[in-house]
K.L.:
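Sharing a structure with you now.
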Amino acid sequence: MVGPERPQFVLFGSSIVQLSFSNEGWGSILADIYARKADILLRGYCGWNSRRGLQVLEQIFPKEASVQPALVIVYFGGNDSMHPHPSGIGPHVPLPEYIENMRKIALHLKSLSPTTRIIFLSTPPINEQQIKETLSGKFGKVNRTNEDCRVYSEACLQLCQEMDVNCIDLWTAVQQRDDWLTTCFTDGIHFSPEGSKIVVKEILKVLREAEWEPSLHWKSLSTEFSEDSLYDPIGPDAKTTINVSDMDVERHMQWE
């Protein structure tokens with residue numbers, strides 16, 4: 001392990017998570033905001049559903065680990081919501097099983113430590129026409145509708161309310177933009193930079209408003225090696241140095 005030890009934020013889920021570090025994605029934005037404050041760890045798996053996530057849960061989050069994550073952000077649902085294939089194969093997970101899978105994931109994460117915090121992301125909307133135009137040549141018929149996403153999103157939100165787990169309603173948040181269909185996706189499913197900005201703002205809102213001790217909001221976490229030093233850049237007066245460890249604060253205020 002590389003030291004000093006920082007809080008670990010783990011992003012766990014399917015392609016919405018795996019691709020969150022590409023294309024100015026929401027994971028990379030979080031990593032930038034939390035530079036020198038927390039380590040953002042990526043555990044995303046393209047094409048996965050909640051069933052596969054549950055299968056590897058204890059490998060990714062072992063209870064016996066000496067260091068447990070401070071925060072886990074979880075997303076499964078879009079692949080689960082796809083229509084079942086007549087062959088019986090494919091990513092579809094029936095809604096009742098999806099709910100139970102997510103319940104088991106939440107229970108396991110809650111058991112890791114008293115200070116491990118959890119945020120679930122509900123299933124975001126999709127642009128059905130864009131999917132047909134961009135993905136029809138790569139896969140078979142993509143049997144996924146925006147209405148299916150709504151149903152799985154609402155199921156996730158209801159489960160989290162029952163379990164006292166923070167959940168972000170991405171299905172609603174993304175559609176608050178009038179131009180969401182044309183600006184928020186790269187292929188009808190995965191987020192464009194504009195879509196990722198919505199995800200980041202919603203995550204930071206939860207972190208700012210949650211009554212967690214300690215707080216995990218970026219302004220509340222200490223900056224690593226932030227002490228003044230003679231080796232800092234020299235200021236305009238040519239006599240004193242300038243501590244630049246927190247110079248990104250002003251840039252990050254756009255997310256507030």
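Any value given below was found using the heavy atoms of this structure, including those in side chains, with hydrogens, waters and symmetry copies removed. Model, not experiment: these values are computed from the prediction.
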K.L.:
Flag yes if more than 12 heavy atoms outside Gln158 fall under 6.0 Å of its CD atom; otherwise flag no.
P.N.:
no

K.L.:
Is there a path of hydrophobic side-chain contacts, each under 4.5 Å between heavy atoms of I/L/V/M/F/W/Y residues, joining Ile73 to Leu170?
P.N.:
yes

K.L.:
What closest approach, in Å, do Leu221 and Ser215 show between heavy atoms, and which atom pair accounts for it?
P.N.:
CD2-O, 3.5 Å

K.L.:
Among residues at least two apart in sequence or on other chains, which ones pass side-chain contact (heavy atoms from CB on, under 4.5 Å) with Arg117?
P.N.:
Leu71, Trp212, Leu216

K.L.:
With heavy-atom distances below 4.5 Å as the criterion, would you say the side chains of Leu54 and Leu57 are in contact?
P.N.:
yes

K.L.:
State which residues pass salt bridge (charged side-chain N to carboxylate O under 4.0 Å, His left out) with Arg150; sequence neighbours excluded, sorted by chain then number.
P.N.:
Glu147, Glu154

K.L.:
Not counting sequence neighbours, list each pair that qualifies as a salt bridge (Lys or Arg N to Asp or Glu O under 4.0 Å) and has a residue in residues 171-192.
P.N.:
Arg177-Asp179, Arg177-Glu194

K.L.:
Quick one: do Tyr75 and Leu157 end up in the same hydrophobic cluster if we chain Ile, Leu, Val, Met, Phe, Trp and Tyr together by side-chain heavy atoms under 4.5 Å apart?
P.N.:
no

K.L.:
In the single-linkage hydrophobic clustering (I, L, V, M, F, W, Y; side-chain heavy atoms under 4.5 Å), do Val17 and Leu121 co-cluster?
P.N.:
yes

K.L.:
Taking the side chain as everything from C-beta on, heavy atoms only, tell me whether Cys156 gets closer than 4.5 Å to Cys167.
P.N.:
yes

K.L.:
Establish whether Ile105 and Val206 are linked, either directly or via other cluster members, by ILVMFWY side-chain heavy-atom contacts under 4.5 Å.
P.N.:
no

K.L.:
Among all residues two or more places apart in sequence or in another chain, which pass the side-chain contact (heavy atoms from CB on, under 4.5 Å) test with Gln130?
P.N.:
Asn127, Thr134, Phe185

K.L.:
Restricting to ring-ring contact (aromatic ring centres under 6.0 Å, His included), what partner residues turn up for Phe61, sequence neighbours left out?
P.N.:
Phe12

K.L.:
Provide the full list of salt bridge (Lys or Arg N to Asp or Glu O under 4.0 Å) pairs with a residue in residues 82-97, sequence neighbours left out, each pair given once.
P.N.:
Arg51-Glu97

K.L.:
Judged by atom type as modelled, is there a donor-acceptor pair below 3.5 Å linking the side chain of Thr223 to the main-chain atoms of Arg36?
P.N.:
no

K.L.:
Output the distance between atom CZ (Arg43) and atom CG (Leu11), rounded to the nearest 0.5 Å.
P.N.:
10.0 Å

K.L.:
Enumerate the residue pairs fulfilling ring-ring contact (aromatic ring centres under 6.0 Å, His included) with a member in residues 17-45, sequence neighbours excluded, ordered by first and then second residue.
P.N.:
Phe9-Tyr34, Tyr45-Trp48

K.L.:
Side chain of Ser192, backbone of Gly195: donor and acceptor closer than 3.5 Å?
P.N.:
yes

K.L.:
Are Ile189 and Leu19 co-members of a hydrophobic cluster defined by side-chain heavy atoms under 4.5 Å apart?
P.N.:
no

K.L.:
So do the side chains of Trp218 and Leu204 get within less than 4.5 Å of each other, counting heavy atoms only?
P.N.:
yes

K.L.:
What residues form a side-chain contact (heavy atoms from CB on, under 4.5 Å) with Pro193, not counting sequence neighbours?
P.N.:
Asn23, Glu24

K.L.:
Indicate every side-chain donor-acceptor pair of residues 84-96 with a distance under 3.5 Å to a residue at least two apart or in another chain.
P.N.:
{"unit_1": "His85", "atom_1": "ND1", "unit_2": "Ser87", "atom_2": "N", "d": "3.1"}
{"unit_1": "His85", "atom_1": "ND1", "unit_2": "Ser87", "atom_2": "OG", "d": "2.7"}
{"unit_1": "Ser87", "atom_1": "OG", "unit_2": "Ile89", "atom_2": "N", "d": "3.3"}
{"unit_1": "His92", "atom_1": "ND1", "unit_2": "Asp80", "atom_2": "O", "d": "3.2"}
{"unit_1": "His92", "atom_1": "ND1", "unit_2": "Met82", "atom_2": "O", "d": "2.5"}

K.L.:
Could you pull out all residues at least two apart from Ala238 that satisfy side-chain contact (heavy atoms from CB on, under 4.5 Å)?
P.N.:
none

K.L.:
What I'd like to find out is whether the side chain of Ser81 reaches to under 4.5 Å of the side chain of Cys149, using heavy atoms alone.
P.N.:
yes

K.L.:
Does any N or O in the side chain of Gln68 come within less than 3.5 Å of the main-chain N or O of Lys63, such that one atom is a donor and the other an acceptor?
P.N.:
yes

K.L.:
Can you pull out every ring-ring contact (aromatic ring centres under 6.0 Å, His included) where at least one residue sits in residues 93-127? Sequence neighbours excluded, please.
P.N.:
Tyr98-Tyr152

K.L.:
If we only count heavy atoms from C-beta on, is the Asn49 to Arg52 side-chain gap below 4.5 Å?
P.N.:
yes

K.L.:
Report yes if some heavy atom in the side chain of Ile33 is under 4.5 Å from a heavy atom in the side chain of Val200; otherwise report no.
P.N.:
yes

K.L.:
Counting only heavy atoms not in Glu224, do more than 12 fall under 6.0 Å of its CD?
P.N.:
yes

K.L.:
Counting neighbours of CG on Asp237 that are heavy atoms of other residues, nucleotides or ligands and sit closer than 6.0 Å, is the number greater than 12?
P.N.:
yes

K.L.:
Going by the rule salt bridge (charged side-chain N to carboxylate O under 4.0 Å, His left out), which residues pair with Asp232 if we only count those two or more places apart in sequence or in a different chain?
P.N.:
none

K.L.:
What closest approach, in Å, do Asn146 and Glu128 show between heavy atoms, and which atom pair accounts for it?
P.N.:
N-OE2, 2.9 Å

